[in-house]
Amino acid sequence: MGIMIPAWVEGELTPVDKLEAHEKGLKHKAVSVFVVRGTEILLQRRAMGKYHTPGLWANTCCTHPDWEESASHCAVRRLREELGITGLYPEYRHKLEYHADVGNGMVENEVVDVFLAHVRGPLKIEPNPDEVMDIRWVDYHDLLAEVKRHPDRFTPWLKIYLHNHADTIFGPDLIISAKS
């Protein structure tokens with residue numbers, strides 16, 4: 001048995017194997033984090049060994065909380081596990097739902113708690129090669145343009161977040177930070 005994540009089975013939140021939740025398209029809980037420095041967003045390129053969407057660019061990190069794990073604890077844990085980032089405590093920004101085919105017969109049907117963390121100055125980043133093959137900082141407006149030009153380079157959820165939820169996730173933060 002693999003990692004157990006919170007998913008809804010017949011309307012009740014139940015621990016379900018992560019792979020099974022994706023294969024059956026069960027609605028399940030997820031956490032996404034964006035780390036922002038000024039107007040730049042830290043992106044990660046998913047490792048080629050990932051069971052879905054390998055090699056695609058995604059937000060800073062995203063995952064599923066363990067059964068009975070709080071979303072905020074999960075956000076901090078995955079920043080550390082995926083990117084070696086410690087000492088950041090992202091703030092909760094938004095709850096959203098999306099449904100997307102992620103290839104290999106798998107579906108993301110997620111209820112996502114989205115978090116945002118601002119950094120000022122240097123940030124120690126040590127990507128876990130099992131999770132992340134590359135990272136980069138990209139200006140928010142350049143990211144929007146790149147996603148429009150090359151949508152095949154990005155995960156379905158990042159495109160959904162930017163297209164449908166950017167105002168709620170980022171709010172005026174990027175505009176304000178660009179002036180400071």
Side-chain angles (χ1 to χ4, degrees), residues 5 29-50 52-66 69-98 100 102 108 110-148 150-151 153-180:
I5 64 170
K29 287 188 175 186
V31 170
S32 275
V33 181
F34 285 88
V35 173
V36 176
R37 180 180 65 194
T39 59
E40 294 180 313
I41 298 170
L42 178 61
L43 299 183
Q44 69 155 277
R45 189 170 179 208
R46 292 169 59 83
M48 293 309 288
K50 301 293 276 185
H52 72 66
T53 58
L56 296 184
W57 288 97
N59 52 298
T60 308
C61 74
C62 44
T63 192
H64 306 92
D66 294 335
E69 180 182 31
S70 73
S72 59
H73 181 270
C74 178
V76 171
R77 175 176 61 82
R78 286 309 282 180
L79 279 172
R80 182 184 70 250
E81 291 174 353
E82 291 185 25
L83 296 160
I85 295 173
T86 58
L88 279 186
Y89 300 93
E91 68 171 286
Y92 173 82
R93 294 306 287 250
H94 186 48
K95 184 183 292 285
L96 60 90
E97 292 188 33
Y98 79 91
V102 291
E108 286 285 24
E110 295 194 332
V111 177
V112 187
D113 287 313
V114 182
F115 292 81
L116 186 72
H118 287 280
V119 295
R120 287 160 181 75
L123 179 66
K124 183 178 174 189
I125 306 170
E126 296 177 351
N128 175 346
D130 294 334
E131 299 283 346
V132 178
M133 63 186 290
D134 199 5
I135 59 168
R136 65 183 168 123
W137 290 97
V138 60
D139 178 80
Y140 174 72
H141 299 288
D142 292 341
L143 176 59
L144 295 177
E146 187 178 344
V147 168
K148 194 169 191 170
H150 304 287
R153 295 180 184 171
F154 298 90
T155 60
W157 60 89
L158 180 61
K159 292 183 282 191
I160 290 168
Y161 295 168
L162 292 172
H163 188 261
N164 299 339
H165 303 281
D167 289 349
T168 312
I169 294 169
F170 301 110
D173 296 18
L174 292 178
I175 296 165
I176 291 169
S177 64
K179 295 177 181 177
S180 55

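The side chain to side chain contact (heavy atoms under 4.5 Å, CB included) check on Lys148 picks up nothing, with sequence neighbours excluded. For Asp66, the side chain to side chain contact (heavy atoms under 4.5 Å, CB included) partners at least two apart in sequence or on another chain are Ile3, Glu69, Arg77. Judged as a salt bridge (Lys or Arg N to Asp or Glu O under 4.0 Å), and not counting sequence neighbours, Lys159 has no contacts. Ser70 pairs by the side chain to side chain contact (heavy atoms under 4.5 Å, CB included) definition with Ser72, His73, not counting sequence neighbours. In this structure Ile160 satisfies the side chain to side chain contact (heavy atoms under 4.5 Å, CB included) test together with Tyr98, Ala100, Asn164, His165, sequence neighbours excluded. For Arg45, there are no salt bridge (Lys or Arg N to Asp or Glu O under 4.0 Å) partners, not counting sequence neighbours. Glu108 is linked by a salt bridge (Lys or Arg N to Asp or Glu O under 4.0 Å) to nothing, counting only residues two or more places apart in sequence or in another chain. Arg136 is linked by a salt bridge (Lys or Arg N to Asp or Glu O under 4.0 Å) to Glu146, counting only residues two or more places apart in sequence or in another chain. Under the rule for a side-chain hydrogen bond (donor to acceptor under 3.5 Å, both in side chains), Asp142 has no partner lying at least two apart in sequence or in another chain. With sequence neighbours excluded, no residue forms a side-chain hydrogen bond (donor to acceptor under 3.5 Å, both in side chains) with Thr60.
Separating the NE2 atom in His94 from the OG atom in Ser32 is a distance of 11.0 Å, to the nearest 0.5 Å. Between Gln44 atom CD and Glu131 atom CD the span is 7.5 Å, to the nearest 0.5 Å. The CG atom of Leu83 sits 6.5 Å away from the CD1 atom of Ile135 when rounded to the nearest 0.5 Å. Atom CG in Leu162 sits 6.5 Å away from atom OH in Tyr140 (nearest 0.5 Å). Put simply, CG on Leu88 and NZ on Lys124 are 13.0 Å apart, with the number rounded to the nearest 0.5 Å.
Distance alone, capped at 3.5 Å, is enough to place a donor-acceptor pair between the Asn59 side chain and the Val33 backbone. Looking at Arg46, its side chain does come within 3.5 Å of a backbone N or O of His52 through a donor-acceptor pair.
Closest non-hydrogen pair, His141 versus Asp139, comes out as N-OD2, 3.0 Å. Heavy atoms only, all atoms of each residue included: Cys61 and Glu82 are closest at CB-OE1, 3.2 Å. For Asn128 against Asp130, the heavy-atom pair with the smallest separation is OD1-N, 2.9 Å. The nearest pair of heavy atoms linking Cys62 to Trp157 is SG-NE1, 3.3 Å. Heavy atoms only, all atoms of each residue included: Ala75 and Pro90 are closest at CB-CG, 4.5 Å. The minimum heavy-atom distance linking Arg93 with Leu116 is given by the pair NH1-CD2, 3.0 Å.
Side-chain contact between Val76 and Phe115 is absent, with no heavy-atom pair separated by less than 4.5 Å. Proximity of Tyr161 to Val112: side-chain heavy atoms (C-beta onward) are separated by under 4.5 Å at one or more points. Between Leu158 and Phe34 there is a side-chain heavy-atom pair separated by less than 4.5 Å. Residues Val114 and Phe170 fail the side-chain proximity criterion, which asks for heavy atoms closer than 4.5 Å.
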Does the side chain to side chain contact (heavy atoms under 4.5 Å, CB included) test come out yes or no for Leu42 and Ile125, once each step is laid out? CA-CA 10 Å; Leu42 178 61; Ile125 306 170; 3.8 Å; yes
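Just one of Leu43, Val36, Leu123, Thr39 meets the side chain to side chain contact (heavy atoms under 4.5 Å, CB included) condition when paired with Trp137; it is Leu123.
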